[in-house]
2 protein chains.
Amino acid sequence: MPPRLIDIATSLGVSAATVSNVLSGKGRVSPELADQIRSEAERRGYAPGGPGRALRTGRSGVLGLVLPDLSNPLFPRMAQALEHESAAVGYGMLIADSHGNARNQQGAIARLLKSGADGIILVPRRGAQLEDCAAPLVIIDTPSSPDNTVSADHYQGGTLIVGHLTRFNHRSLVFVGESNLSGVQRDRIAGMRDALPSYCTARTVWLEQEGPAAVVAAVKQGATAIAATSDLVALRLLAVLEDAKIAVPQQVSLSGFDDLIFASVMRPTLTTVIADEFAIARNAIKALIAQIEGTDHLPPSAIPMTLIPRTSTTGTP
Amino acid sequence: MPPRLIDIATSLGVSAATVSNVLSGKGRVSPELADQIRSEAERRGYAPGGPGRALRTGRSGVLGLVLPDLSNPLFPRMAQALEHESAAVGYGMLIADSHGNARNQQGAIARLLKSGADGIILVPRRGAQLEDCAAPLVIIDTPSSPDNTVSADHYQGGTLIVGHLTRFNHRSLVFVGESNLSGVQRDRIAGMRDALPSYCTARTVWLEQEGPAAVVAAVKQGATAIAATSDLVALRLLAVLEDAKIAVPQQVSLSGFDDLIFASVMRPTLTTVIADEFAIARNAIKALIAQIEGTDHLPPSAIPMTLIPRTSTTGTP
DNA sequence: CTGAAAGCGCTTACAG
DNA sequence: CTGAAAGCGCTTACAG
């Protein structure tokens, strides 16, 4: 049995209220008594908390995280960063996987709340609309999406990659996304498109609609660089290009997004764009706790992304 | 405000005790009253729980998961499976990342317990020893490790891959692991070694000690197949082999473990061995809940692994 | 400066 | 079959 507040109190011959006051730093208690209580609490490894405090204060000290798909390699890093940041401010982290569909997303929120979460961090599935949430909520998505959103600046990330490719003298590009239902992917490609100098041309392929063959076709028609909205898409394209006997980066340059684990290990190594997940996590946790505790908080700004140049974009036309 | 037990009770003019009894199916209550109570509870979306119940029963309905490193692509799948199975039996799931070191591992357990976990599922860092745990505990590791362990049969997985390679007429093999501090990796390689027919030879390389050059050297000395203890190791070896102008699978076959996301997408596609993570998760959750609830439970058996043959092992000597 | 008392929402003997 | 009462561990006015 872990020690209870009352154990500390009786063993020192004081009241529970006094122990509670000292440990929470609230009421005024004589320095000597306070010291005694603190050292006794430390000696026995006591810290207030648990369901007693939760019941009394209405707060559990636990946050809930809804992820669209833990098996997608992008999200574990986000989960890791969020867990780290929430632990750093003394909160626990409950997780729920919505398996990428909107109904499960509502169900996941409900489960987390039932398990006692004081607030929710939601990484939405591609534009899945959220009905409502009976608790403080922060969304991690993309700056173009509605309120309460913390995110990387995916649009700016898109400009980065196009700047890099045009600097290598590419004039005919292909932008490749998986699904145009994804706000993140749309913003990345919007950034690419808007950063394109007027003397360049680009075509956008959504894999969900046209399939990878459209990318191969574009290359055969003269495109010399492919910018994908994720490393996983880039990896798939690399395989398709290899099958079509198109060499990367000699015949076509290729880039991704997110610096997934394989990007630095595969051959060629993959040029990619990354955001500081810990900065995003920190902003998200801060914004959520501000809501929970009712304190003020500056509206979160988008975290800038960074280009990581690698060998997959070292070719020139 | 969510409805409380007492809200249901007063709106029906009955006592809290009766509502509680009906909803938990315990005391005997007249069928009519029970029905009324149940439908009123459903109408208002009430379900017992929260800190009130936790305080009274001493259980929170939440499990804690300690992972060595969420950014390692092997673990998110395990986390996803565990979250799924725990949700299926009505438990929430708290996570904590131990960042791969033993001190954090103890800290992670402490944090989870403080956040209210009724029990802990621990995926240990490479043989990091666990001091002690003041709560029910289940470990997910490898069958050769101590009590309370649920796992895939990594040894048998090793035998699978060697059977596959020798069937393709390979007679000189290389087994490659990252670290021989890992029980999982040791067991996988033990299985490989024990499955090796007497007319074959094999050499084991631990990357941590010898580096990838030793693998290239072994191939130059005549080895025709490489069995790695993980897909990530296999991917790294593929890059090194490519740099050394050794073609996979034409000149050497290569296999991994775990079917990580890139294994089926890269070229060549990677032969690998996989376990049913959901079966492992189910066993682990069952074993943990049996401990928590004090019910009996059969000792968990090791989950068999399955070979997934792909193009990286289609070469023959 | 310190403590007695009430109460957060629930469940569990127990009495009727 | 139903309910009054106590109590899980804590915090918070409030009284002294």
Side-chain angles (χ1 to χ4, degrees), chain A residues 1-38 40-41 44-62 90 113-118 134 292-294, chain B residues 1-38 40-41 44-62 90 113-118 134 292-294:
Chain A
M1 291 292 98
R4 299 160 304 164
L5 177 55
I6 191 80
D7 297 327
I8 308 294
T10 52
S11 81
L12 254 42
V14 299
S15 77
T18 299
V19 175
S20 177
N21 280 333
V22 167
L23 264 28
S24 68
K26 294 236 173 114
R28 46 233 82 244
V29 178
S30 73
E32 304 81 53
L33 222 199
D35 276 348
Q36 269 184 69
I37 288 172
R38 266 189 292 267
E40 176 70 2
R44 309 185 39 167
Y46 173 77
R53 166 185 264 182
L55 181 55
R56 178 64 222 232
T57 63
R59 298 220 193 101
S60 65
V62 165
L113 259 21
K114 191 171 160 195
S115 292
D118 291 333
I292 291 172
E293 301 184 348
Chain B
M1 291 291 98
R4 298 161 307 164
L5 176 56
I6 192 78
D7 297 328
I8 308 294
T10 52
S11 82
L12 254 42
V14 299
S15 77
T18 299
V19 174
S20 177
N21 280 332
V22 168
L23 263 29
S24 66
K26 293 238 173 111
R28 49 232 79 244
V29 178
S30 73
E32 304 83 52
L33 222 199
D35 276 349
Q36 269 184 69
I37 289 172
R38 266 190 291 268
E40 176 69 3
R44 310 187 34 169
Y46 174 77
R53 165 186 264 183
L55 182 55
R56 178 62 224 231
T57 63
R59 298 222 193 102
S60 65
V62 165
L113 259 21
K114 190 171 160 195
S115 290
D118 291 334
I292 291 172
E293 300 184 348

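So you know, we letter chains A, B, ... as the sequences are listed, proteins then strands, and number each from 1.
Residue whose closest nucleotide on DNA chain C sits further toward the 5' end, between B/S24 and B/G52: B/G52. When each of B/A34 and B/T57 is assigned the nucleotide of DNA chain D with its nearest heavy atom, B/A34 is the one assigned upstream, toward the 5' end. Mapping A/V29 and A/A16 onto DNA chain C via the closest heavy atom, the residue that lands nearer the 5' end is A/V29. Of the two residues near DNA chain D, B/L55 and B/P31, the one whose nearest nucleotide lies more 5' is B/P31.
Annotation for B/A16 and B/I6: closest pair CB-CD1, 4.4 Å, computed over non-hydrogen atoms. The shortest non-hydrogen separation linking A/A54 to A/S60 is CB-CA, 4.1 Å. In this structure, A/R59 and A/D118 approach most closely via the heavy-atom pair CA-OD1, 3.5 Å.
Backbone-only engagement by B/P48 is indicated by non-hydrogen atom pairs under 4.0 Å involving sugar-phosphate atoms exclusively. Within the nucleic acid shown, B/G49 comes within 4.0 Å of sugar-phosphate atoms alone, with no base atom in reach, counting heavy atoms only.
Judged by distance alone, the side chain of A/D7 and the main-chain N or O of A/R4 form a donor-acceptor pair under 3.5 Å.
Taking 4.0 Å as the cutoff to heavy atoms of chain A, we find the contact window on DNA chain D bounded by D/dG9 to D/dT12.
A 4.5 Å side-chain heavy-atom check between A/V22 and A/L33 finds every atom pair outside the cut-off.
Both distances falling under 3.5 Å, in either a Watson-Crick or a G-U wobble arrangement, place C/dA15 opposite D/dT2.
Under the side-chain contact (heavy atoms from CB on, under 4.5 Å) test applied with A/V29, the options A/V14, A/N21, A/V19 reduce to a single match, A/N21.
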